[in-house]
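To start, the structure under review is shown below, and the notes come after it.
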Number of protein chains: 2
Amino acid sequence: MNTQSRRQREFEQREKLFLDTARNIIRQEGISALTMDKIAEQTEYAKGTVYKHFSCKEDILCGLCLDSLGLMYEMFQQSLTWEGNSREKIICIGVGYQLYTQHFPEEFDLLIAARTNNIREKASPERLERMDQVDTLVMNAIRAVIQLAIQSGDLTLKQGTRIDDLCLGLWAMSFGMLVLDSARDLITGLELSETNALLLNQMSCLLDGYQWHPLSTEYDYHTTYKNTFQHLEKLLAKD
Amino acid sequence: MNTQSRRQREFEQREKLFLDTARNIIRQEGISALTMDKIAEQTEYAKGTVYKHFSCKEDILCGLCLDSLGLMYEMFQQSLTWEGNSREKIICIGVGYQLYTQHFPEEFDLLIAARTNNIREKASPERLERMDQVDTLVMNAIRAVIQLAIQSGDLTLKQGTRIDDLCLGLWAMSFGMLVLDSARDLITGLELSETNALLLNQMSCLLDGYQWHPLSTEYDYHTTYKNTFQHLEKLLAKD
DNA sequence: TCATAGTGTGACGTTTCGTCACATTTTCAT
DNA sequence: ATGAAAATGTGACGAAACGTCACACTATGA
């Protein structure tokens, strides 16, 4: 009975060890340097043991994404507690997303890659399933703020628009901006404002378009942005 | 002299043959089934010859993306000629983007993957360079419409916002929506409107937020959407 | 007609993957 | 304490794919 749970615990610890090692290799040498043999060697386990945990290399990548998503979820939960009106809470979530991508560019890169068939074709169904679940949790965090906004009267959905449409819209805008911005040096010849102003401005326009009150003309969200930024940055620094 | 140019032509034709073959393999068997040996075998050339054209597998993927981007650019150029106000032109571009992703999901998948270090770490610098160039062309198409809108008085940029910020915002929203939507079945538990309405609604809100006239309250863009959709779909059907 | 430059080839060495039969350790009933 | 059985860990191995390169073949033009 007791040994059962100990075994389980050891198994989970080892899984964590493998993932941490993989993460380090990617951070230090890039994703193409990640091999199963290297993970085995650095952890001083045999390759077969690694395969007891992960069905293939892509499965490990998804495992790393799962960790990332979990971290992101925690941060989003933090954002929900931010004191302020509903729009400020949404901004706080956006800032969290942005900070995350800036602190963990490699992980974000993986998150993008994991939306790609390249990876999904190979990863194990179980882990893909788990990723969906965390995805849903993250979505729920956003959904909660939207519902709050509707309840408090800050937001009235237009005819034919659903809550989840808005969820996806906000997510899409943030995701898109961060993907494109993370590859900003690729897009040569673009004359952009500085990164931080970019996301806030675009989100402000979108939220104004939704008629989510108070509008950016009625309220100073730059201050909100600065404050949430500092707040969340402190949280991140703890790691 | 003459033989020179003939050689050159033959070389380009063969490159196209390799790419077409690769595309077919991906479409039929998925990206993980793509191997250099398979391309060589199917084209009845030796592997060494394939490597005369592409430095590695990832380079081929980028080659496919280049083709995709070229096609997209052509479609965007078409959109610029759409008769209507500046907002309708932007919508036409968005619709083009959407149709593209729906018609060529595999290619779109590659476009996403090609923004990832996974691929970029390995592809040849020359081809990455060329991709940037086409990226820039595509951006220019969007930029042109924004400039038109400003000139015609439909749009006035807010203080501190640049044309390229708006470019990126529009691109980000569309890209984000299409990425997330292309993986829509992943995000279980989401209750979304149908795909087509989604992008239009979100773009409408964003454009309203920019105060890009005529606003969606003053003009029926659903009709525009339908018309542009049909128009571009005909163009695509020609292939 | 033949020397030469240019082009194409596929066998080969290397890397990495993923497997599996066997070795080692742990457990638990006696 | 002991040993049989169950659980766990190992790493040698075969297969698959990559990318290279010395050589073979072909085209060119003097």
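Not measured: the values here are computed from a predicted model. Proteins get letters first, then strands, A, B, ... in listed order; numbering begins at 1 in each.
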message = On the nucleotide C/dC17, are OP1 or OP2 found under 4.0 Å from the side-chain N or O atoms that A/Lys57 carries?
response = yes
request  = Return the value, rounded to whole Å, for the distance between atom CG of B/Leu34 and atom P of D/dG19.
outcome  = 11 Å
query = With nearest nucleotides of DNA chain C determined for A/Gly48 and A/Ser32 from heavy-atom distances, which residue corresponds to the more 5′ nucleotide?
reply = A/Ser32
task = Go through D/dT20, C/dT7, D/dG9 for me and flag the one nearest to the A/Arg14 side chain.
result = D/dG9
task = Round to the nearest Å and state the distance from B/Glu10 atom CD to C/dG6 atom C1'.
result = 13 Å
note = Rounded to whole Å, OH of B/Tyr45 lies from P of D/dC25 at a distance of 18 Å
key: Nearest-Å distance for atom pair CD1/C1', residues B/Ile39 and D/dG19   = 13 Å
request  = For B/Lys52, report the nucleic acid contact type (base, sugar-phosphate, nothing); a contact means any heavy atom under 4.0 Å.
outcome  = base
Minimum side-chain heavy-atom gap B/Gln102-B/Asn196 below 4.5 Å = yes
inquiry  = Check this for me, if you would: do A/Glu107 and A/Arg27 make a salt bridge, where the nitrogen-to-carboxylate-oxygen distance has to be below 4.0 angstrom?
reply    = yes
message = Go nucleotide by nucleotide along DNA chain C from the 5' end; which of A/Lys47 and B/Glu44 gets its closest nucleotide reached first?
response = B/Glu44
inquiry  = Of the listed nucleotides (C/dT16, C/dG18, D/dC18), which one gets closest to any side-chain atom of B/Asp37?
reply    = D/dC18
key: Salt-bridge present (A/Glu15, A/Arg127; N to O < 4.0 Å)   = yes
task = Identify whether the distance between the nearest side-chain nitrogen and carboxylate oxygen of B/Lys47 and B/Asp37 falls below 4.0 Å.
result = yes
query = Rounded to whole angstroms, how far apart are OH on A/Tyr51 and C1' on D/dA12?
reply = 15 Å
remark   = Rounded to whole Å, the CE-C1' distance (B/Met36 to D/dG19) equals 8 Å
inquiry  = Between B/Asp20 and B/Arg23, does any side-chain N to carboxylate O distance fall below 4.0 Å?
reply    = yes
ask   = Within the structure shown, what part of the strands sits under 4.0 Å from B/Thr49 by heavy-atom distance: base, sugar-phosphate, or nothing?
value = base
query = C/dC17, D/dG19, D/dA7: which one has an atom nearest the side-chain heavy atoms of A/Arg7?
reply = D/dA7
Atom pair distance, as rounded to whole Å: NZ in A/Lys38 and C1' in C/dT14 = 15 Å
key: Whole angstrom value for the distance that separates P of C/dG18 from CZ of A/Phe18   = 15 Å
